[in-house]
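Structure record follows, encoded as structure tokens.
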Amino acid sequence: MRMYDLIYTKKLGGALSAEQIAFWVAGAADGSIPDEQSASLLMAICWRGMDTAETLALTLAMRDSGKRLDLSSVPGLKVDKHSTGGVGDKTTLILGPIVAACGVPCPMFSGRGLGHTGGTVDKFAAIPGLKVELSEAEFLRSLAETGFANSAQTADIAPADKKLYALRDITATVESIPLITASIMSKKLAGGADALVLDVKCGPTAFMKTLEDATTLAQSMVNVGTAHGMQIRALITRMDAPLGWAIGNALEVMESVEILRGEHGDSELAQMSFRLAAEMLIMGGAANTLPEAQTKVQTVIRDGSALATLRRFVALNGGDAGALDDFSRLPQPGQVVEVRAAQDGYITAIDGRALGILAMDLGAGRRDRMDILDLGVGIRVLARMGQKVGKGDLLFQVLAKANHKVVPDLYLATMDIEATQPHTKPWLLASIGC
Ligand code: URA
């Protein structure tokens with residue numbers, strides 16, 4: 001088999017066989033196929049696409065490039081969640097403990113942040129001492145003893161994806177529905193969960209800009225999961241403004257804990273986390289209907305058992321569980337700068353992407369994979385979409401390093417304030433799957 005022929009076939013819009021795809025993925029992972037040939041094929045796939053059979057074959061080849069986790073020692077249906085990523089998205093920190101407290105084991109592998117979106121691993125890393133890279137034995141122990149396990153993806157899960165994702169990142173070939181499907185689903189299938197809830201973000205700052213594209217991606221992932229015996233359901237959610245008031249790692253831990261304590265229950269972040277958790281409970285067999293699942297979610301918030309589960313998870317994995325009750329034990333910023341409204345009006349838009357980039361510049365996120373984060377810096381977004389504000393009202397608190405020069409105008413430029421109250425759109429746009 002020659003890599004040249006695969007590139008040529010795809011360049012002309014032809015379909016690749018499962019054998020051809022397996023040959024490419026194995027060669028990309030072991031280095032026998034040069035990067036320039038893989039990059040050419042990736043670009044041809046971006047332009048020409050892949051049919052359902054090719055996407056399935058690519059997912060399987062990537063899954064089988066590494067290890068598959070066996071979670072069968074932990075009883076019950078194991079349910080995972082994946083989000084395609086957004087600014088301020090800390091739903092994993094909230095729903096993992098909720099689902100576990102309701103009796104459904106929740107195993108999750110997470111990523112580190114890159115660019116304007118944060119990563120769950122970095123948020124957990126803000127809890128002093130918490131081990132965020134668990135061995136397989138530690139992962140299984142956490143799942144068995146607390147019902148919740150979260151770890152950075154290990155190098156032996158879908159290594160071909162790691163290699164190909166790095167190439168996609170530098171060749172502008174990330175935004176392709178079959179490539180995103182195979183990348184996400186290969187890792188999820190290798191991770192060993194029985195069921196998966198997907199949160200597919202849709203909007204100007206997400207990978208998928210239109211509802212049509214988000215629906216196609218969600219359907220593609222649902223098809224692949226279903227074909228492999230995984231229960232899978234996707235929610236398509238709006239992504240424009242940041243999710244919640246916190247952007248930045250320690251701040252996002254604080255906001256998650258507040259929601260687990262029962263605060264901000266009417267916020268979009270809480271509503272989205274509770275709904276995703278409820279879907280997971282149905283898939284895990286802990287509830288038959290959405291209202292029943294939602295009642296269980298509210299019960300474990302109200303009786304404190306969801307927060308107690310997070311404390312147990314943190315303590316078991318070496319972290320300072322006391323920091324969840326005493327936020328002064330979390331990483332702190334060098335200075336706090338207030339940014340106030342320059343005019344009266346209604347908030348009609350908040351640019352999540354721009355705020356994500358500002359947070360990255362503060363040191364909360366990575367411009368480059370090797371950057372070292374400052375876990376205590378970030379942005380408190382203190383006004384919500386549609387809110388009426390007056391000149392001089394506090395819009396942001398910027399938590400920065402002591403020597404960072406904060407420019408308030410950059411923050412003001414991320415919020416549109418107009419005279420007319422906007423029509424606020426719902427966060428849930430559609431749902432797909434079982
Ligand atoms: N997240 C992934 O893991 N892979 C992609 O291709 C896109 C988002």
Side-chain angles (χ1 to χ4, degrees), residues 21 24-25 28-29 38-39 41-47 49-50 54-63 65-66 69 80-87 89 91-92 107-123 150-191 193 196-203 205-209 213-225 230 232 234-237 239 243 352-353 356 365-366 369:
I21 290 170
W24 168 44
V25 170
S38 286
L41 183 56
L42 287 167
M43 189 54 90
I45 293 170
C46 277
W47 280 99
M50 278 184 142
E54 290 177 288
T55 308
L56 261 177
L58 180 59
T59 310
L60 280 198
M62 285 178 18
R63 178 197 71 182
S65 67
L69 220 65
D80 190 358
K81 188 252 358 173
H82 180 84
S83 161
T84 57
V87 175
D89 186 347
T91 52
T92 295
M108 288 175 153
F109 287 100
S110 301
R112 294 182 190 276
L114 187 64
H116 70 280
T117 58
T120 298
V121 170
D122 300 323
K123 301 173 205 234
N150 190 281
S151 171
Q153 189 88 46
T154 55
D156 48 7
I157 298 265
D161 175 62
K162 195 164 183 195
K163 170 79 196 180
L164 290 175
Y165 195 88
L167 262 184
R168 288 166 61 206
D169 212 20
I170 55 167
T171 56
T173 52
V174 170
E175 278 135 331
S176 148
I177 286 174
L179 295 178
I180 296 175
T181 299
S183 168
I184 293 174
M185 292 306 296
S186 60
K187 290 176 285 198
K188 292 292 155 189
L189 290 170
L196 175 67
V197 175
L198 290 166
D199 172 13
V200 178
K201 303 281 186 202
C202 172
T205 64
F207 283 134
M208 298 297 124
K209 317 272 183 242
D213 281 349
T215 306
T216 308
L217 175 62
Q219 192 63 60
S220 170
M221 291 196 281
V222 167
N223 291 345
V224 167
M230 189 179 228
I232 178 163
L235 301 187
I236 300 177
T237 63
M239 176 70 228
L243 197 49
R353 185 167 197 279
R366 291 181 190 81
R369 268 177 215 286

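For ligands, and for the atoms within them, numbers begin at 1 and follow the listed sequence. Everything numeric in this text was worked out from a predicted model, so none of it was measured.
- The structure places CG of Asp161 at 12.5 Å from NZ of Lys163, a figure rounded to the nearest 0.5 Å.
- Under 4.0 Å from any atom of ligand 1, one finds heavy atoms of residues Tyr165, Arg168, Ile180, Ser183, Ile184, Lys187, Phe207.
- In plain terms, the two heavy atoms of Pro178 and Thr55 that are nearest each other are CB-OG1, 3.7 Å.
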Practice item. May I have the step-by-step check of side-chain contact (heavy atoms from CB on, under 4.5 Å) for Ile232 and Lys188, ending in yes or no? Key: CA-CA 11 Å; Ile232 178 163; Lys188 292 292 155 189; over 6 Å; no
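- Listed by chain and residue number, Asp89 satisfy the side-chain hydrogen bond (donor to acceptor under 3.5 Å, both in side chains) test with Ser83 (two or more places apart in sequence, or in another chain).
- Taken to the nearest 0.5 Å, the CE atom of Met185 stands 5.5 Å off from the CE atom of Met230.
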Practice item. With side-chain contact (heavy atoms from CB on, under 4.5 Å) as the test, would you mind laying out the steps for Leu179 and Leu58 before giving the verdict? Key: CA-CA 8 Å; Leu179 295 178; Leu58 180 59; 3.9 Å; yes
